[in-house]
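Chain naming here is simple, since letters A, B, ... match the order of the sequence lines and numbering starts at 1 in each. Please read all numbers here as calculations on a predicted model, not as lab measurements.
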Number of protein chains: 2
Amino acid sequence: MTQRMREPTYFLLTALLDEPLHGYAIIGRAAELSGGRVRLATGTLYAALDRLTAEGFIEVVRTEIVNGRARRYYALTRDGGTALRAEAQIMAGAARLVLRFAGGVA
Amino acid sequence: MTQRMREPTYFLLTALLDEPLHGYAIIGRAAELSGGRVRLATGTLYAALDRLTAEGFIEVVRTEIVNGRARRYYALTRDGGTALRAEAQIMAGAARLVLRFAGGVA
DNA sequence: TTACATACGTAGATCATCGACATATGGTGG
DNA sequence: CCACCATATGTCGATGATCTACGTATGTAA
């Protein structure tokens, strides 16, 4: 009962902080924000979009039809923003626990 | 290929920052450090101890026999400490990404 | 015409974690 | 005396997010 958000999920939500994005654009934004470290796999992305929508953390705010295929734009909901900030604070606290010791960089 | 350390693993290693501890004591120390939030399940703990030992992140530094049962004390290795600090810095960076926006507490 | 970026999606496998169980001792409360 | 909890180690099956690899389609650059 310790389980929380995993990194791909965290960065997916973080990617939506500025503005609504469609699925594939989220991959690029997450990579950008993480300095290239987080590369969301499409299998992770589309599964997570469905899951987070069902959880009420994100929602579809616009749908375009491009080449006969739906392009959905997702936005953070209020709950999603709250959960993300809570998660960030837990992470900051956990990081502090380790870093206050040796300030030594890895 | 984004996968990193999960929270129980992170707190298991953090619990060993001060001094070597035996398995069960790690549960208490992790709970203490996290303000009661992280409650390591024994299934998680003993599996993780084996895994992290195999990975070279922790090692057995002392063994006592209590009531005919081995009590093993684990310590962080150099690699384990390095990995933990690296993880902490990634977490701090990720947290900053979200918290620099609304300083608003969750 | 081959290949890559864009863009959506599915399917099977992996693996850390979880909940429940098993076992044993020592202490405390009813 | 007996139930329960803390201490302590450990196993087993299930869960669930993520990963790799595949499939489809268009536009564009080499």
K.L.:
Would you indicate, yes or no, if C:dT17 has its OP1 or OP2 atom less than 4.0 angstrom from a side-chain nitrogen or oxygen of B:Thr9?
P.N.:
yes
K.L.:
What integer distance in Å separates A:Tyr74:OH from C:dA7:P?
P.N.:
14 Å
K.L.:
When rounded to the nearest 0.5 angstrom, what is the spacing between CG in B:Leu52 and CG in B:Asp79?
P.N.:
12.0 Å
K.L.:
With a 4.0 Å heavy-atom cut-off, tell me which residues in residues 44-59 of chain B come close to DNA chain C, sorted by residue number.
P.N.:
B:Thr44, B:Arg51
K.L.:
How many whole angstroms separate atom CZ of A:Arg39 from atom C1' of D:dT18?
P.N.:
15 Å
K.L.:
CZ of B:Arg4 versus C1' of C:dC15: gap in Å, rounded?
P.N.:
16 Å
K.L.:
Which residue, B:Arg6 or B:Arg71, contacts DNA chain D at a nucleotide closer to its 5' end, judged by nearest heavy atom?
P.N.:
B:Arg71
K.L.:
Checking all strands, does B:Ala70 fall into the base, sugar-phosphate, or nothing category for heavy-atom contacts under 4.0 angstrom?
P.N.:
sugar-phosphate
K.L.:
Just how far, in rounded Å, is C1' of D:dG16 from CD of B:Glu7?
P.N.:
17 Å
K.L.:
Between B:Thr9 and B:Arg51, is any side-chain donor less than 3.5 angstrom from a side-chain acceptor?
P.N.:
yes
K.L.:
Distance criterion of 3.5 Å, no angle test: do you see the side chain of B:Arg69 paired donor-to-acceptor with the base of D:dT9?
P.N.:
yes
K.L.:
With the side chain of B:Tyr24 defined as its heavy atoms from C-beta on, choose the nearest nucleotide among D:dA8, D:dG10, D:dC19.
P.N.:
D:dA8
K.L.:
Give a yes or no on whether a salt bridge exists between A:Glu64 and A:Arg62, defined as a side-chain N under 4.0 angstrom from a carboxylate O.
P.N.:
yes
K.L.:
Using a strict cut-off of less than 4.0 Å between a Lys/Arg side-chain nitrogen and an Asp/Glu carboxylate oxygen, indicate whether B:Arg72 and B:Glu59 qualify as a salt bridge.
P.N.:
no
K.L.:
Among the nucleotides D:dA17, D:dC19, D:dT9, which one has an atom lying closest to any side-chain atom of A:Ala41?
P.N.:
D:dC19
K.L.:
Which pair of non-hydrogen atoms, one from B:Ala83 and one from B:Met5, has the smallest distance, and what is that distance?
P.N.:
O-CE, 4.2 Å
K.L.:
Provide, to the nearest angstrom, the distance between the CZ atom belonging to B:Arg37 and the P atom belonging to C:dC18.
P.N.:
12 Å
K.L.:
Could you state the NE2-P distance from A:His22 to C:dA5, rounded to the nearest angstrom?
P.N.:
16 Å
K.L.:
Assigning hydrophobic clusters by single linkage (Ile, Leu, Val, Met, Phe, Trp, Tyr; side-chain heavy-atom cutoff under 4.5 Å), is B:Leu76 placed with B:Leu21?
P.N.:
yes
K.L.:
Report the distance from atom CG of A:Leu40 to atom P of D:dT20, rounded to the nearest whole Å.
P.N.:
12 Å
K.L.:
Between A:Gly23 and B:Tyr10, which has a closest nucleotide on DNA chain C that is more 5'?
P.N.:
A:Gly23
K.L.:
Rounded to whole Å, please give me the gap between CZ in A:Arg29 and P in C:dA7.
P.N.:
15 Å
K.L.:
From C:dC18, C:dG9, C:dA16, pick the nucleotide closest to the side chain of B:Pro8?
P.N.:
C:dC18
K.L.:
Could you check whether A:Gly43 gets within reach of a base, just the sugar-phosphate, or nothing at all, counting any heavy atom under 4.0 Å?
P.N.:
base
K.L.:
Apply side chain to side chain contact (heavy atoms under 4.5 Å, CB included) to residues A:Thr82 and A:Thr77 and explain how you reach the verdict.
P.N.:
CA-CA 9 Å; A:Thr82 300; A:Thr77 61; over 6 Å; no
